Structure formats: C-alpha cells, structure tokens
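Here's the structure we're looking at; comments come further down.
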Amino acid sequence: MNKLAGIIEAILFTSGDSVELSRLKEITEATDEQLTVALGVLEKRYESDESGLVLVQLEDSVQLATKSDMYEYLIKIARTPKQYRLSDTALETLSIIAYKQPVTRMQIEHIRGVSCSHAIDRLLEYDLIKELGRLDAPGRPLLFGTTEEFLRRFGVKSLDELPKPASERLEEFREQAEAEATEELGEDPEKPINLEV
C-alpha cells in the first residue's frame, strides 16, 4: 500500500492542483478501497510537525498543499523575482518581435540572417513572448508577439511607450536593407530601390 501511496503522492506533487479521485483510480488502476487506504497513509504521513505538507481531501478530488503555518516562509520565496539573463541573440530576437509583431519565425530569421529557434524557445519559456495564432499563408506559420510580462519587465505600460529607434540608425538599416535587396535580386546597385522601414 505504501507503493500506491507513493504513486499518488508523485501524481499530486507533479499536478500542483487537485486531482479527481476517479482520475487517480484510472491512472493507478486501484479499487475504491485501495485508494482510500493509500490516501489514509498519506494523510497520516503529513500529520507530523516535521512535514510542511498536508493532504486536502475535497468532495470528489484530492490535493497536496502546504500547511498554513508555512505561509510566512512561502511569501518570502514568492516575492523573490525570477532571475534570468538574456543573451544578445535573445535580446535581438525579442527586439524584432516587439517592433514587428505579429511576426513569424521565418520573418525574424530573414531580418537576423541566422536561425533563431533557440532564442524563441527561451523567450517563450520566460513568458516574454507568446503565440498569437497562425499567418494565413502556405504552411500556416505561427505568429509571435510580446506578453504582459514583457511590458512589466521592461517597465512600459504599452508598446507605444517603447523607445523609437534613432533616425541615424533607421537610415543605416534602410541602406543595409537596400544593399541586401540589390544583392539578392542581382540588380544594378545604382538603381534606386523603394523600401519602407
């Protein structure tokens, strides 16, 4: 029975939320009686003052929770902000998404000139960007945009508050884009190309 109790404990810990008793029975293939006994084992295990956990049994579900007298310690860790560092690649990718959203991975890679899969995955993990849907085009690629967490982290209330690129940088970007377009199209470099930045 301790084995079943351990399995249930692992399920509840991983879930982080209440789990219906019927779902526990289905996963563990236990009978009603076995489930009741295993939950009793867990309940007794957490009765000790040495445990910071408690088994909360609701009407038709059960949840693993922290004891109320642990609140003062939990609030200290909850107030500690997440610490993470963004690489230059991730910052560059995030900038493109912030200013060009909604934007596809292919569009980002076209601007950067290199793959950005890892950077996008990291930004999704940090909740700085999110999927906004799919572009109505062949292959239906995912569209990315920034999140509320992005605004909080960068101290702005809306995307309108993002700093505008310096005019000399815009001119530099325009020249680079024109040069790249000329190179790709194999056209006369003297011929003017109309590009909007």
Side-chain angles (χ1 to χ4, degrees), residues 10-20 23 26-27 61 63-64 74-75 77-197:
I11 292 169
L12 296 177
F13 176 80
T14 304
S15 169
D17 206 347
S18 62
V19 178
E20 292 181 356
R23 184 76 177 123
E26 179 187 331
I27 294 168
S61 61
Q63 182 173 358
L64 199 57
L74 298 177
I75 199 67
I77 192 73
R79 285 184 179 160
T80 305
K82 289 181 183 176
Q83 296 293 323
Y84 55 77
R85 293 180 62 87
L86 292 177
S87 66
D88 289 344
T89 300
L91 277 172
E92 186 179 323
T93 302
L94 181 58
S95 298
I96 293 167
I97 294 170
Y99 283 98
K100 296 285 190 181
Q101 63 185 305
V103 63
T104 66
R105 186 185 306 256
M106 187 179 295
Q107 290 167 331
I108 298 165
E109 290 176 349
H110 180 73
I111 293 168
R112 290 196 62 240
V114 293
S115 173
C116 61
S117 296
H118 179 72
I120 287 177
D121 290 344
R122 185 53 53 96
L123 294 171
L124 285 167
E125 178 187 337
Y126 290 156
D127 192 31
L128 294 173
I129 65 169
K130 62 183 176 182
E131 296 175 1
L132 297 178
R134 293 188 176 272
L135 183 65
D136 189 16
R140 306 214 8 102
L142 284 168
L143 289 165
F144 296 99
T146 53
T147 62
E148 285 185 5
E149 180 65 14
F150 165 82
L151 297 177
R152 278 193 292 273
R153 289 289 172 182
F154 286 87
V156 293
K157 293 179 182 176
S158 74
L159 295 172
D160 295 334
E161 292 184 19
L162 289 175
K164 301 288 185 261
S167 56
E168 62 271 12
R169 293 292 289 160
L170 279 175
E171 187 56 37
E172 185 182 325
F173 293 149
R174 187 188 313 277
E175 288 171 6
Q176 287 176 357
E178 288 177 357
E180 287 174 12
T182 301
E183 196 174 292
E184 285 179 12
L185 297 173
E187 294 184 3
D188 181 357
E190 300 301 320
K191 183 180 177 182
I193 298 173
N194 184 18
L195 288 177
E196 291 184 10
V197 176

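Side chains included, hydrogens not; waters and symmetry mates left out as well; all remaining heavy atoms used. Computed from a predicted structure; not experimentally measured.
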Determine yes or no for a side-chain-to-main-chain donor-acceptor pair under 3.5 angstrom, with [X] supplying the side chain and [Y] the backbone.
| X | Y | value |
| --- | --- | --- |
| E109 | C116 | yes |
| T104 | L142 | no |
| Q63 | V19 | no |
| S15 | I11 | no |

Practice item. Grab the two heavy atoms, one from P141 and one from P138, that are nearest each other, plus how far apart they are. Key: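 Residues P141 and P138, closest heavy atoms: CD-O, 3.8 Å.
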
**Study point:** Distance (rounded to the nearest 0.5 Å) between L64 CG and D17 CG
**Key:**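 Answer rounded to 0.5 Å: 11.5 Å.
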
Point to revise | Distance (rounded to the nearest 0.5 Å) between R153 CZ and Y126 OH | key: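 OH of Y126 is found 10.5 Å from CZ of R153.
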
Review point. Mind checking what makes side chain to side chain donor-acceptor pair (under 3.5 Å) contact with E131, not counting sequence neighbours?
Key: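 Side chain to side chain donor-acceptor pair (under 3.5 Å) check on E131 returns nothing, list empty.
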
Considering only distance and modelled atom types, tabulate donor-acceptor pairs under 3.5 Å from the side chains of residues 86-98, sequence neighbours left out.
| from | atom 1 | to | atom 2 | distance (Å) |
| --- | --- | --- | --- | --- |
| S87 | OG | A90 | N | 3.1 |
| E92 | OE2 | R112 | NE | 3.2 |
| T93 | OG1 | T89 | O | 2.9 |
| S95 | OG | L91 | O | 2.9 |

Exercise for review: Could you go through the side chain to side chain contact (heavy atoms under 4.5 Å, CB included) check for L128 and T146 one step at a time?
Suggested key: CA-CA 6 Å; L128 294 173; T146 53; over 6 Å; no

Point to revise | Flag if over 12 foreign heavy atoms under 6.0 Å of CD, E148 | key: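 Counting other residues, nucleotides and ligands, CD of E148 stays at 12 neighbours or fewer.
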
Hey, are the side chains of [X] and [Y] touching, using non-hydrogen atoms and a 4.5 Å cut-off?
| X | Y | answer |
| --- | --- | --- |
| I111 | K100 | yes |
| L123 | F150 | no |
| F144 | Q101 | no |

Point to revise | All pairs passing side-chain hydrogen bond (donor to acceptor under 3.5 Å, both in side chains) where residues 132-144 contributes a residue, at least two apart | key: none

